[in-house]
Amino acid sequence: MAIDNEVLRVIRARRSARIFAEGQVSPEQLDALLEAAVWAPSGSNSQSWLFTAIQNREVLEKLNDVVREGFERYVPEDDYPGKLGAKERAKQEGFNFCYHAPTLIIASNRPNYENAMADCALALENIFLAAQSMGLGSCYINQLYWLRRDEGVREYLSSLGIPREHVICSAAAVGPVDRDFPAPPRKDGTVNIIR
Ligand SMILES: Cc1cc2nc3c(=O)[nH]c(=O)nc-3n(C[C@H](O)[C@H](O)[C@H](O)COP(=O)(O)O)c2cc1C
């Protein structure tokens, strides 16, 4: 019989949320999300990550402006289609790179560390699953990674306490949700078992 339990149900139920409801992640919920992050595994137990949680609406708006400017300045016209699409969207009125989520958690890591991205990605998945377990929505946000070398983005992130030399790995948008999000079907043929 197939094994089923609460953890497996949370893993299956997690979806990328791109529409958030009114409200904020509570201090207790934020603590739980950040605790989940730091309990992730890390290469050689390095734990060299930094999780910067932003809940201030004005800061998030300013960061969105900085991201929009960064797309214009930093993404060249011959970049790959996914990024050019994002650059086009960033020009549109109402664009918000983290879908107006009330909380954004930015994961950065020390430079010249081969496992920087792997460690942060594992921590982010912990955040996503913890969010799901508390009835919150979440989404992986890649824009700050794309723009990690843009001067304007770095300048603003450093004013928020993210060291200049840190690699910006990724970010999690988190917030209350009031709807279900459809699950993209999983592709066949992606598992190989040798017994
Ligand atoms: C490395 C990575 C980068 C992603 N970047 C973004 C992003 O910038 N914006 C976004 O809306 N979703 C982003 N996603 C979410 C994926 O689009 C999403 O996980 C995928 O469509 C499957 O949907 P699900 O998460 O609901 O299962 C990213 C996911 C990963 C793993």
Side-chain angles (χ1 to χ4, degrees), residues 7-21 25 33 36-37 40-43 49 51-54 60-61 63-72 74-75 79-92 94-109 113-150 153 156-157 162 166-191:
V7 173
L8 295 173
R9 280 192 290 278
V10 168
I11 288 172
R12 275 198 303 269
R14 181 212 57 81
R15 291 277 72 72
S16 293
R18 298 185 178 92
I19 301 171
F20 292 91
V25 173
L33 294 174
S42 59
W49 43 40
F51 302 102
T52 302
I54 308 172
L60 287 171
E61 287 298 326
L63 184 56
N64 191 51
D65 292 343
V66 168
V67 164
R68 293 180 95 153
E69 290 160 15
F71 267 115
E72 201 45 46
Y74 193 73
V75 178
D79 215 317
Y80 68 90
K83 237 193 221 179
L84 289 179
K87 181 176 182 174
E88 267 320 298
R89 283 194 296 283
K91 288 184 195 157
Q92 286 161 19
F95 168 83
N96 189 276
F97 79 103
C98 55
Y99 308 107
H100 301 280
T103 296
L104 184 73
I105 303 173
I106 302 170
S108 62
N109 213 328
Y113 170 48
E114 217 174 6
N115 297 318
M117 182 55 111
D119 292 1
C120 282
L122 288 166
L124 278 199
E125 177 67 350
N126 274 9
I127 291 176
F128 299 147
L129 295 177
Q132 177 68 32
S133 76
M134 295 185 281
L136 295 166
S138 66
C139 190
Y140 193 116
I141 301 292
N142 220 8
Q143 279 73 5
L144 295 175
Y145 171 67
W146 285 345
L147 299 173
R148 66 194 177 282
R149 294 194 190 96
D150 175 71
V153 167
Y156 190 59
L157 293 181
I162 302 179
H166 260 209
V167 178
I168 307 299
C169 293
S170 37
V174 190
V177 283
D178 58 7
R179 66 193 74 203
D180 291 331
F181 300 94
R186 266 37 195 176
K187 295 180 181 171
D188 290 331
T190 61
V191 172

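Just so you know, ligand 1 is whichever comes first in the structure, and atom 1 is the first atom listed for that ligand. Keep in mind the model is a prediction, meaning the values are calculated, not measured. Side chains are part of it too, since the values below use all heavy atoms of this structure and drop only hydrogens, waters and symmetry mates.
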Between ligand 1 and the protein, find all N/O pairs closer than 3.5 Å and give the distance for each.
{"from": "ligand 1", "atom 1": "8 (O)", "to": "Asn142", "atom 2": "N", "distance (Å)": "3.0"}
{"from": "ligand 1", "atom 1": "8 (O)", "to": "Gln143", "atom 2": "OE1", "distance (Å)": "3.3"}
{"from": "ligand 1", "atom 1": "9 (N)", "to": "Tyr140", "atom 2": "O", "distance (Å)": "3.4"}
{"from": "ligand 1", "atom 1": "11 (O)", "to": "Arg18", "atom 2": "NE", "distance (Å)": "2.6"}
{"from": "ligand 1", "atom 1": "11 (O)", "to": "Arg18", "atom 2": "NH2", "distance (Å)": "3.4"}
{"from": "ligand 1", "atom 1": "11 (O)", "to": "Tyr99", "atom 2": "OH", "distance (Å)": "2.4"}
{"from": "ligand 1", "atom 1": "12 (N)", "to": "Arg18", "atom 2": "NH2", "distance (Å)": "3.1"}
{"from": "ligand 1", "atom 1": "12 (N)", "to": "Tyr140", "atom 2": "O", "distance (Å)": "3.4"}
{"from": "ligand 1", "atom 1": "17 (O)", "to": "Arg18", "atom 2": "NH2", "distance (Å)": "3.0"}
{"from": "ligand 1", "atom 1": "19 (O)", "to": "Ser16", "atom 2": "OG", "distance (Å)": "3.3"}
{"from": "ligand 1", "atom 1": "25 (O)", "to": "Arg14", "atom 2": "NH1", "distance (Å)": "2.9"}
{"from": "ligand 1", "atom 1": "25 (O)", "to": "Arg14", "atom 2": "NH2", "distance (Å)": "3.2"}
{"from": "ligand 1", "atom 1": "25 (O)", "to": "Ser16", "atom 2": "OG", "distance (Å)": "2.6"}
{"from": "ligand 1", "atom 1": "26 (O)", "to": "Arg15", "atom 2": "NE", "distance (Å)": "3.0"}
{"from": "ligand 1", "atom 1": "26 (O)", "to": "Ser16", "atom 2": "N", "distance (Å)": "2.8"}
{"from": "ligand 1", "atom 1": "27 (O)", "to": "Arg14", "atom 2": "NH2", "distance (Å)": "3.2"}
{"from": "ligand 1", "atom 1": "27 (O)", "to": "Arg15", "atom 2": "NH2", "distance (Å)": "2.8"}
{"from": "ligand 1", "atom 1": "27 (O)", "to": "Arg186", "atom 2": "NH1", "distance (Å)": "3.2"}
{"from": "ligand 1", "atom 1": "27 (O)", "to": "Arg186", "atom 2": "NH2", "distance (Å)": "2.7"}

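With sequence neighbours excluded, the residues that form a side chain to side chain contact (heavy atoms under 4.5 Å, CB included) with Leu60 are Ile54, Leu104. Residues satisfying the side chain to side chain contact (heavy atoms under 4.5 Å, CB included) test with Ser138, not counting sequence neighbours, are Phe128, Ala131, Val174. Under the side chain to side chain contact (heavy atoms under 4.5 Å, CB included) criterion, Val75 pairs with Phe71, Asp79, Lys83, Leu84, Lys87, Leu147, not counting sequence neighbours.
Each of Leu122, Asn109, Asn115, Asp119 was checked for a side-chain contact (heavy atoms from CB on, under 4.5 Å) with Ser42, and the lone residue meeting it is Asp119.
We find the CZ-CD1 distance between Arg18 and Ile141 to be 8.0 Å, quoted to the nearest 0.5 Å. Atom CD of Gln143 sits about 10.5 Å away from atom CG of Leu63, to the nearest 0.5 Å.
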